[in-house]
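Proteins come first, then strands; the chains are lettered A, B, ... in the order of their sequence lines, and each starts at number 1. Bear in mind that the values here come from a model prediction, so they are computed numbers and not experimental data.
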Amino acid sequence: MTGWKTISSILAKESNYRLKKKHGRKLTRFSTTNVVKSNFLGIVVMSGVSVVIIFPVLVDVQTHQAIPFFVGILGLLELFIGAFAMAYNLHVLLEDRLLEPLRFLPIEEDVVRKALLGIVVYWGGLSYTFILLTPSLLLALKFGMQFLAWGFFASITILLLSTGIGYFAGSLYTKYSKSIAARLASLVMWILIFGFGLIFRFIPKEGNFETTTFFLLIPPFSFGYAMLGYPTAYASSMLTFIASLLIYKYSSGRFWKVLSYGLVDSKAIYRRDWHVGFSRSYFIKKDLKLFSRNPKLLASTLYFLIVGPFVVLLSLLRAENLFSPLLPALSLFAAGVSGPSVAYAYAIEGSGAKLLYFLPLPRKILVREKATLILLFTLPIAILISFAVIVANPIIGVVTGATYFFTSYGSLLINSRLIASKLPKEPASWTEKLPSQSFALAIFFGEFILFGFLAGLALTPYVIKLGLRNLMAGNLPLLPEALAVPLIISIGVLILGLLITSFLEEKVGG
Amino acid sequence: MDVLGKLMLRYVNVTKQFGGIVAVNDVSIHFEPGKIYALLGPNGSGKSTLMKLALGVIKPDFGKIFVGSVDPSTDPISARKIVGYSPEDVILYESLTPAEHISFVGSIYGLNKKELDKRVKMLIKLFKMNEHMNKLVGELSRGNKKKLSLILALLHDPKILILDEPFSGLDPEIGRVLKELMKKHAKESKVVLFSTHILELAEAVADEIAIMHRGKIIEVGSKMELRDKLQAKNLEDVFMEVTGLSTELKDLLTILWGAE
């Protein structure tokens, strides 16, 4: 009988092979089927980050009582990263149909369930457990072995929970369903998963964190209290483990069942009359239809485009300068850094991308259509920002909206061009793993610096006139040149985007 | 190159390797308009690679390909406008409907609704896809997906029609319709090339048969020409003879039945 280890290693090898084939080179964690190798870099990074977070407790024994707070934060971090990573894993599993050959084999559901957890471990899931394991080990060296035991227990519980949540959302994928209700349910689920990171905003600060019955019972804080020997926390932690195990069991089983029976909505009734349209703009219409039928990617796109820019804008502004003349420069930055979200417009193609290789679709058109598609999502944001600011100050409102719009389109075009240069040369599915993680990270940080610099440049009239110190103060005077500079820069970004997409050669596969 | 103003598909000393394996080996052949060509060969003989080269999806390592006067390795977009291609494994968007696929592919070819309405309706009727037009492709059977893939290849009334294993998964009725469609295309002085590993199909449909084995075209001619040349009773004998598979087959049958 085929064991779960064999299945998960075959799945990992298959995924590795397909990605290598697509990229024609070795790739990060997917490029190996060795568990240690595929998790090594992640373990180092996760351990490093978690040790930095827990550092205050390690150096100061007096802060011993704050351990539950730090364990809670680290637990939430593991849950967030784990669930977020599952979104990507699921896309690869579903788009590359990795589980398809298993459907017709006599494999027990229990074996599949274990294999589904195994594949997550192969894809770097093991490294996420080190967010809690490494600090627990360090705490154990200082305070006793129970810290390591509870840390281990917590990390496994959270791995099961995040994987379970991911597979549950995957089972709501409703890929071949035209049911709007099913798609909406899935969209809400994914928005909740992606929005989970916002929970950190609601955690009380370390100083205000008190030993209350509430936090004793709430996982993952309860694991921290269990380390300190609170009996109520023992019970809560044990219950969390059992619940996580059940959630994983149910979700992975449901996911497998949905795949086994096929992703077909057998109850659907279809109209017999049909319509075929031949408009030139059908490319974008097709992509919008694909988005509306892929709630997970729609949720990712909305999250990246809306939450990202708004968090940047709101974190930089205070109530007294909410409608300040700094807004155009800030919107230039927010719109610029949201450009990499154009990757979703490519990922939405999935396995259908192979069709594009056989059609007379010039690369230039592809690059522009993809940027325009995401611009359609951005447009309401630009309008919303403009209207909100116009109420307070019409000139600032118009300039802010226009700056956001021009920068956004320019940045989307530039990013679309960059992604197109990394597309597989021969017919292949396009998933969220395109472009590669290292390339995506390089783009993101590169643009963060570039648009940060441009936003800084847009502020120079104020810096010259008022000095750096007075910049973030409220009631800044309205300088015409301070409004003109960001607008000119944003038009420059747009022109650059249009220029680099104008000279694109057709590449033929190797 | 054109023959009396009609487009021709031509391969000149074309070689294509994948990681040291020669998929297409120094192939020189041309396919003329007005005829149906069958590319016959065992699995892995290089048929699909040869076809994809005409679309500029892959680049030859050596040699030249001409789709009319267009070289697909330097101008793939123009080549794809001329060629209608249906791959062996259907490539479709699982979450789009057939109607949406037709709209999308039609818009890529820049087709006009007025002039094409009639053609689309005819193709949908011929392939009996009427009641499936609003279903998502993921819900369709393999046969219906194949039919949609063929409709998309025929949508822009291509001057060169390249079909990779077009009959696999089709029921006999639709298979017959496809044969007639191919004949009609050839009659309209278009190039029709299809691949198969089924000898009977090649014999029944094609005017000319090109036998491909291990990346090489080893024989080309009409059924009669091939039989006469090798003094064989039927196409199967011709195929076994030229590919050298007859000895291999004897060995295999010995394994199955024993040395009786």
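Listed by first and then second residue, the side-chain hydrogen bond (donor to acceptor under 3.5 Å, both in side chains) pairs that reach into residues 35-51 of chain B are B:Lys35-B:Glu208, B:Ser48-B:Asp164, sequence neighbours excluded.
In this structure, B:Ile162 CD1 and A:Phe358 CZ are separated by 11.0 Å, a value rounded to the nearest 0.5 Å. Here A:Ile284 contributes atom CD1 and B:Ser107 contributes atom OG; the two are 10.5 Å apart, rounded to the nearest 0.5 Å. In this structure, NZ in B:Lys59 is found 8.0 Å from NZ in A:Lys425, a value given to the nearest 0.5 Å.
Counting heavy atoms from C-beta outward, B:Phe104 and A:Lys285 have side chains that stay 4.5 Å or more apart. Annotation: side chain of B:Leu136 is in contact with side chain of A:Arg293 (closest heavy-atom distance under 4.5 Å). In this structure, A:Leu361 and B:Arg80 have side chains that are not in contact, with every pair of non-hydrogen atoms separated by 4.5 Å or more.
Proximity to chain B involves both the backbone and the side chain of A:Leu356, based on heavy atoms less than 4.5 angstrom apart. Of the two parts of B:Leu92, only the backbone, made up of N, CA, C and O, holds a non-hydrogen atom closer than 4.5 Å to a non-hydrogen atom of chain A.
The salt bridge (Lys or Arg N to Asp or Glu O under 4.0 Å) test applied to B:Lys125 returns no partner, not counting sequence neighbours.
Taking each heavy atom of B:Val57 and A:Tyr357 in turn, the nearest pair found is CG2-O, 3.5 Å. Scanning all heavy atoms of the two residues, the minimum distance from A:Pro360 to B:Ile77 falls at CB-O, 3.5 Å. Taking every heavy atom of both residues into account, A:Lys354 and B:Ile91 meet most closely at CB-CG2, 3.2 Å.
Within a 6.0 Å radius of CZ in B:Arg214, other residues, nucleotides and ligands contribute 12 heavy atoms or fewer. Counting non-hydrogen atoms of neighbouring residues, nucleotides and ligands closer than 6.0 angstrom, the NZ atom of B:Lys159 reaches no more than 12 such neighbours.
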Evaluation steps, side chain to side chain donor-acceptor pair (under 3.5 Å), between B:Tyr93 and A:Lys289: CA-CA 11 Å; B:Tyr93 294 94; A:Lys289 281 177 191 291; over 6 Å; no
